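All figures in this text were calculated on a predicted structure; none of them were measured in a lab. Within every chain, numbering begins at 1; the chains are lettered A, B, ... in the order of the sequence lines, protein sequences first and strands thereafter.
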Amino acid sequence: MDLKAYRDIAWNGIWKQNTGVVQILGLCPILAISTSIVNAVSLGLATILVMAMSNLVIAALRNFIPYEIRIPVFILIIAALTTVVDLAFNAYLHELYLVLGIFIPLIVTNCIVLARVEAFAAKNEPIGSTIDGIAMGIGLTLVLAVLGAIRELIGSGTLLSGIEMLFPGAEAIHVFGDDYPGFLIAILPPGAFFALGCLIAGRNWLEARKLARARMNPPAITDTPAEA
Amino acid sequence: MLRKLFKFHGGVKPQTNKTQSTTAAIAAVPLPDRLVIPLHQAVGGHPRPLVQPGEHVLKGQRIGGADGNLSSAVHASTSGIVRDVAQAVMPHTSGLTTLSVIIEPDGEDRWCELEKVNYRSTPPDELRDFLRDAGVVGLGGAVFPSYAKLKPGKEGKLKTLVINGAECEPFITCDDMLMRERASDMLKGIVAMRYMLQAEEVLIGIEDNKPEAVASVQAAIRASGETGIEAVAIPTRYPAGGAKQLIRVLTGIEVPHGRRSTDFGVQCFNVGTAFSIFEALEHGRPLISRLVTVAGNVTAPRNYDVLIGTPMDHLVRLAGPRPDTDRYIMGGPMMGVRMPGFDVPVVKATNCVLVGSPALFPAPPPEMPCIRCGECAKACPADLAPFEMYWFSRSKNFGKAQEYHLFDCIECGCCSFVCPSHIPLVDYFRFSKSEIWSREREKESSDGARDRFEFKNFRQEREKQEKAEKLAAKAAATREKVATEGAATPAAADGEAAPKPKPSATDAKRALIEAAMEKARQQKAQVAPKNTDHLAPDVEADIAAIDARRNAAPARAADTPDA
Amino acid sequence: MNNSPFVRKAASVQSVMLQVLLALVPAIAAYVWFFGAGILVQLAIASAAALAGEAAMLAIRGKPKALFLTDLSAVVTAWLIALTFPPIAPWWLTVTGTLLAVVVVKQLYGGLGQNPFNPAMAAFCLMIVAYPALMSQWPAAGQLDFKTQLDLIFGGLRQVDAITGATPLDALRTALRSAASPDSQLHGLRTNQLMDGPAFGLLGGKGSEWIALGYLVGGLWLIRQRIITWHIPAAFCGALFASALLLWGMRPDAFASPLFHLASGGAMLGAFFILTDPVSGATTPRGKLLFAAGAAIFTYVIRSFGAFPDGVAFATLLMNILVPLIDMKTQAPVFGHKKD
Amino acid sequence: MTSYLFVILGAVLVNNVVLVRILGLCPFMGVSKKLETAVGMGAATTFVLTLGCGTSYLVDHYALMPAGVEYLRTLAFIVIIAAIVQVTELVIQKTSPMLHQVLGIYLPLITTNCAVLGIPLLNVALHHDLLESLLFGFGSSVGFSLALVLFAGIRERLDGADVPVPFKGTAIAMVTAGLMSLAFMGFAGLDKFH
Amino acid sequence: MSETTALGLSARTGSVMVAFTVIFTAVMAFTYGATKTQIEASATEEKMKLISEVLPATAYDNVLLDDVITVGPTRELGLDDGGHIYRARKAGQPAALLLEATAPDGYSGRIELIVAVRADGGVSGVRAVTHRETPGLGDYIDPKKDKNKKSPWITQFAELKAADLPRCKLTKDGGQIAYHTGATISARAVTQAVARAAGYAAANHDRLFAAPSGDKL
Amino acid sequence: MITALLVMTGIALVLGAVLGFASIKFKVEGDPLVEKIDAILPQTQCGQCGFPGCRPYATAIADGEAEINQCPPGGEEGIRKLADLLGREFKPLSEEHGVEKPKSVAVIDEATCIGCTLCIQACPVDAIVGAAKQLHTIVAAECTGCELCLAPCPVDCITMEAITETVDTWKWRYPVVEIKAA
Ligand SMILES: Cc1cc2nc3c(=O)[nH]c(=O)nc-3n(C[C@H](O)[C@H](O)[C@H](O)COP(=O)(O)O)c2cc1C
Ligand SMILES: Cc1cc2nc3c(=O)[nH]c(=O)nc-3n(C[C@H](O)[C@H](O)[C@H](O)COP(=O)(O)O)c2cc1C
Ligand SMILES: Cc1cc2nc3c(=O)[nH]c(=O)nc-3n(C[C@H](O)[C@H](O)[C@H](O)COP(=O)(O)O)c2cc1C
Ligand SMILES: Cc1cc2nc3c(=O)[nH]c(=O)nc-3n(C[C@H](O)[C@H](O)[C@H](O)CO)c2cc1C
Ligand code: SF4
Ligand code: SF4
Ligand code: SF4
Ligand code: SF4
Ligand code: FES
């Protein structure tokens, strides 16, 4: 595998096969934890960690895993790694740990983790797999962050509230001032669905526009004649 | 006359516009210059032409023979010269053409030899054949060959024969006028039908907006002295004349879609059909004319006795069309079909030529989305949910549309009539139905293709095996031969070589052809793919025809190189 | 060129919607009479917002604006929003709600006729969840003059605590709950004693019971005009009455009477104008009965035990979810397939 | 007795797994295009989840807690569930191949249905006893199936709607799920008496 | 490996499964061991943070979390399943009681509180630990959600002296605790719970302090 | 640590054994899905999908080795049906496999045909009849329009002709929606 292949894997994870808005997998944390940017990104980072590690480990061990019990073994590995991350959060980011609640253990059942392990790590070598895991995780985190930002902004008019849990002393930004009445729906489950729906539609729209543009002016032929 | 009547669900009450065309008596139509008689006029097979261009025909002479199991003959409407047997535009929305006989009348209007039967003594089976050859088909709109409907159900007899004089469509009055003026003849036709069907009772249903017709028919019944025949006035509500609705109103029986009404002990005929049966049996006259209402955008709406094949514009001219006329509609405003031109011929199905104009039948306002108000469902006489069928037809989800009983729809148009969103619902249903039918045809042909593909694979497999065996045998034989005869002519295996064509032509095509022919010759020894077994008879007939044509043409293929 | 039928009944979506608007007039008149003209301002704000939102979406989607703006369906939605929101809701609340209804709940689904959820009720639910305080503050009849109402509507965020209270439904429920609790001073009081306050009238809230009568009159007229059928109103009222009777019969001290339930909150509006929305409601006769009865039961449960003062809006949305299945399962047998 | 009823009702309606707790969304979005498949998926999930809740309770109480290794809970639960799923998959594949094909990739993905792990974990957090665990599992999965089937009903109809192009498909389905979730908020507070 | 009998395969898959399980359980067990103390410390810190909000650290000098007794179901505290009471002492003398209490009648169900009652009978502070009051309406009982960040509603209780206790009621009900109109129920539930808890603390003061640590009353 | 290992090992042992057992006990063969897919494919047998006929393509789809949008004769309609059957997302026809064309049938110019039988061998559905050195004819009703006979014909006597509509095959058109942007 060369650099280009890695780049493709990365691009694939972040945009083309983005878990949240294209594959429509891994939705629960995306919807449940995206009430604020800080929560969203923290869970995203935890997920990246788990995905990278599990892809790496499974790609490395893939030849030892019998087909019939691959799923339980994959899950075993993912669960173990998730527990490790869970324990780490509990120990070192306790406040955040309380906020994220059962969604850290639930990384285990985040469809996307297992889906990537099945679809990619079980068939590819470790480095590529790790990159795939990270890229998919970043894709997920991006969606989480954008959703978190939208919901936090509309819902309470702030950005980065709760940042003090990560960086003590830092403060949230009150974008609309203190008088903003807040649109609570944004923070509640319906708001999560609406926001993700709009995000998906937005991506569809961008892709459609890109396609339409490409149709209108087909890519110029780049190779210049040798004689010239 | 206290018969209990039943109600059918739905229905609408459009403005009837019937009085205009009933003021004058039925009129005759002068012979046109040309009659165009389509051979395919009724449900069923396409009749074959029995005449050649240039031939002289007499009025009533058969020009199209019934073909296959369900078909009905076609006759010359007047005497004259057959100008052509050719494709002509037919009175159908599609504007497609169909094989038609074009007759130039000689003005004599001379009947051919007419054969009569005594319908009281002839066995019903013979009567049916007679009616088929007389071209009698249903004149109520469906043009279904009547002989096929004149069979009683399994029990050999029928409870009720329903005669449809409802004429629920606005504007149309041909049945009304028929009943007023020719009730007693019609009644004789009904008696004949009753005999053939062994019907216990006969109910003639007439909408109560035609009191004269009811009176006239009742008088005729009284005069005839027949018992068990009753003319019943039924409430005026479109589509009371739909066979199922009329049966429901008169007997309370609902005949489900896909079932024969005779299974339920009823059968339904139009009054016009009864009259033409009378004509055929009593006078031996085949169905060559019918009553047609000309109404709508004309100064003098009226009913005419019209020869089949008369161009519509010839007919309409008599009634004085107004200058803003922009279309003819065959049938009424609810179910009629827009004609592709003004000169299409009157056919057996033409009960009315409705002359249209933008003012009389304005284009509907723009179609809005369905608001699921349910008006259409309230109006649907088939108890359907048109808006659901529409929803799925629109998104081409035909499976779902069928789940909502698309094929129970009788295309009466009530739903479109009432829809506040002005949705052409019936058009969606027609579209869906024809898509589904076309898909079924495709499915059939693809299933056939699969079978033939699989058979071919099987055959090739077998041939390969046989060939391998043959080759092995031949190789053995050759070896033996070589061993015994020494190095004699090994090429003889190719068989007796054809005379080599001279390489005189220089073009590449020629060379290619030769190479191919050479190859073909060589292959012939090994494989002889005949592919002529398992052919359907019609295909064989086709091939025979083609071969005949080929033989007729000067021998070409093999000769060309030398030519 | 069109095909048959070539004739059509004179009916249009516009005339249907117009008649619905007309049917709302008696209730609006009662509203103005008892609560002042502020409601007219709300109706205007909502209508303007609805038309603007609809126009914007139609423009974006390249649909004919003139045709769809004049179909008046957006105005019906707007009026129903205005009538269900508190009359002193700040303008931005009404505007946000209406825009959400028209843009998200209606136009995102393709506009008129395609939305599975009732736009007006979705707006109400969204807003009561987001701004419960603003959405549950109702003035008592005759309490506020027009000027104060205008100030409240256009005055931005304000302190309304002093002048308004909860709706009669909410007030009675709160009181009943206290009455049922042994710790409370209200303990042991009967429903009719609890309804002694100035907010209550003969049957329901003072004034609002007359508005409910207005809805009833308008609704009956709609039935006569054959715009709606009797099924939904009858089933809704019947089922609401029955559920209320059941519990009230058992514990008159802890539950409100059936008539109170019928005369209060959005019951009449819901029965005749909201659940009857043809687009998002059930369409078969049997389906309509089920749909409305279900809505009534949900309404009653939410009113009596839930967290929201009135349940009509949530009940409507909940039953909207069920509509596809109800419609599918209650199709009437077609011609010839009836069991006689 | 009534408290058990409340456990079920609460799990089905008030705290619907999908619409309120936001668990199990991937299959909710993925298998709701057709009513038939939705029903099948609902049934499969109900079976797995109920069984999973019971088994995980037993393992938690009779293996993990006595040994003092509660931190193995996630691992132990998910492995149990995965095994149940795989056995179920094999059985369905054998007995109903069509259902198997239709449920396609979603059967193994029941394992990664958050609800399937989330509910047993919630059982622990809410200190449910064995019966309550079973009822809670059953109620939650019925809630899941209910939401899924209703959602599928709406989506089948939405197929024919003239939805703006960027919103066609998943996006409008999300908006619909949002409105369903809003509607289910109407049940808020109904479980407070229990 | 030639025979794939059911038993053979089961044994093989089983053993692979076991191998993986052993390895990864070991990984977890190792992590657990490594983080155990830190986790406990974090949990303690978390608790202490909450406690410090209702009772200043200067008010006591004992190890508060270790000086605890459990109580069974107690109506005054609204505890159906029992709960904990922590005892703060300064120089060996009773300083304050930290009671877990529940307001059962919140708008959306139970509100769990922690109430600190000084030895003199006054309230030192109250915090809502868990609640489900309507966001944006009733949730001002939680200082994190209260719009008034400077002096959240719940800090009113910190000013209650023993003598004020009879006035621990909403102003609407004739007391001195202010509330937000339109969301009386939440405020009333908390206020009544606090009053009951303070009353309970006063009534059982001696008994509660006297009981040996870890005891169950 | 030891207890943890013991507990998990126990669980793993039991589950591993159960699974291994089940996977043998419930082994399945055969795939009814292929039939269903094959029934949707148009049976043109043209090979444009990249497989030697419709059934091989059906098998490939069932095995997840082929996309559902590779069959041009089946067109958008076919893809929709496949998507429906398999619960996959609809995709437009893959351009590399060709474009949807109107249905047509092959016609042999009787004057030019030399009877070489090459077309007979090429036709996958036996729609061409005739013996060696005799002239060949295409049975229009059986021709699927796959164009496979065009290339082998040495004299280029086969042409494709679009099928014309007759009264029996005429279809009602989709009602024109008259709403236009104002
Ligand atoms: C909606 C509808 C309306 C019809 N109206 C009439 C009618 O008014 N008079 C009539 O004779 N046939 C009418 N028909 C045709 C009848 O259904 C039926 O075909 C006919 O009465 C059978 O008689 P026939 O075979 O003699 O034509 C109508 C059909 C439909 C679907
Ligand atoms: C509120 C209300 C309730 C009604 N309830 C019934 C009823 O329960 N049963 C009934 O047959 N008609 C009832 N009607 C009468 C119907 O409006 C109508 O006259 C009758 O059902 C005829 O139905 P159709 O339009 O389907 O012919 C009720 C009317 C109203 C206004
Ligand atoms: C959607 C909604 C949510 C509510 N949530 C709460 C709440 O969490 N706490 C509360 O005390 N009151 C809440 N209320 C208000 C109560 O129903 C009740 O009207 C109020 O507490 C009475 O207060 P008042 O006496 O100041 O009018 C809510 C009302 C609504 C409409
Ligand atoms: C009888 C009737 C009731 C209606 N009720 C409502 C309603 O409750 N809410 C609403 O938004 N629109 C209502 N409308 C208007 C319209 O149907 C609605 O906006 C559609 O949902 C838009 O697609 C109603 C229309 C009619 C004819
Ligand atoms: S009448 Fe028209 S608008 Fe009403 S339900 Fe039927 S199709 Fe829809
Ligand atoms: S056209 Fe069909 S659907 Fe419409 S009313 Fe007539 S039968 Fe019913
Ligand atoms: S492209 Fe379609 S028609 Fe052609 S072989 Fe493949 S599946 Fe058959
Ligand atoms: S005749 Fe030619 S085009 Fe027709 S099916 Fe055979 S090979 Fe294909
Ligand atoms: S992330 Fe929860 S089911 Fe997929």
Under 4.5 Å from a heavy atom of chain A, the part of [X] involved:
| X | value |
| --- | --- |
| D/L121 | side chain |
| D/M180 | neither |
| D/V20 | backbone |
| D/A83 | neither |

**Asked** Which one, A/G197, A/C28, A/P29, A/A79, leads in non-hydrogen pairs under 4.5 Å with chain D?
**Response**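 The option with the most such pairs is A/C28.
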**Request:** Among A/V113, A/D86, A/T83, A/V108, single out the residue with the greatest number of heavy-atom pairs under 4.5 Å to chain D.
**Result:** A/V108
Under a 4.5 Å heavy-atom cut-off, does chain D meet the side chain of [X], its backbone, both or neither?
| X | value |
| --- | --- |
| A/I185 | side chain |
| A/F103 | side chain |
| A/A32 | both |
| A/I78 | neither |

**Request:** Sort out for me which of D/L19, D/L75, D/T74, D/T176 touches chain A most, counting heavy-atom pairs under 4.5 Å.
**Result:**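 The answer is D/L75.
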**Complete:** Per-residue tally against chain A (heavy atom, under 4.5 Å) across D/L117, D/V116, D/L182, D/L72 peaks at D/L117
Looking at side-chain heavy atoms only, is the closest gap between [X] and [Y] below 4.5 Å?
| X | Y | answer |
| --- | --- | --- |
| D/P120 | D/I80 | no |
| A/C198 | D/F167 | yes |
| D/V18 | D/L23 | no |
| D/V14 | D/L9 | no |
| A/T47 | A/T141 | no |
| D/M65 | D/D60 | yes |
| D/F144 | D/L49 | no |

**Message:** Does the plane of the ring in D/F184 sit parallel, tilted or perpendicular to the ring in D/F187? Use 30° and 60° as the thresholds.
**Reply:**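 Aromatic pair D/F184/D/F187 classed perpendicular.
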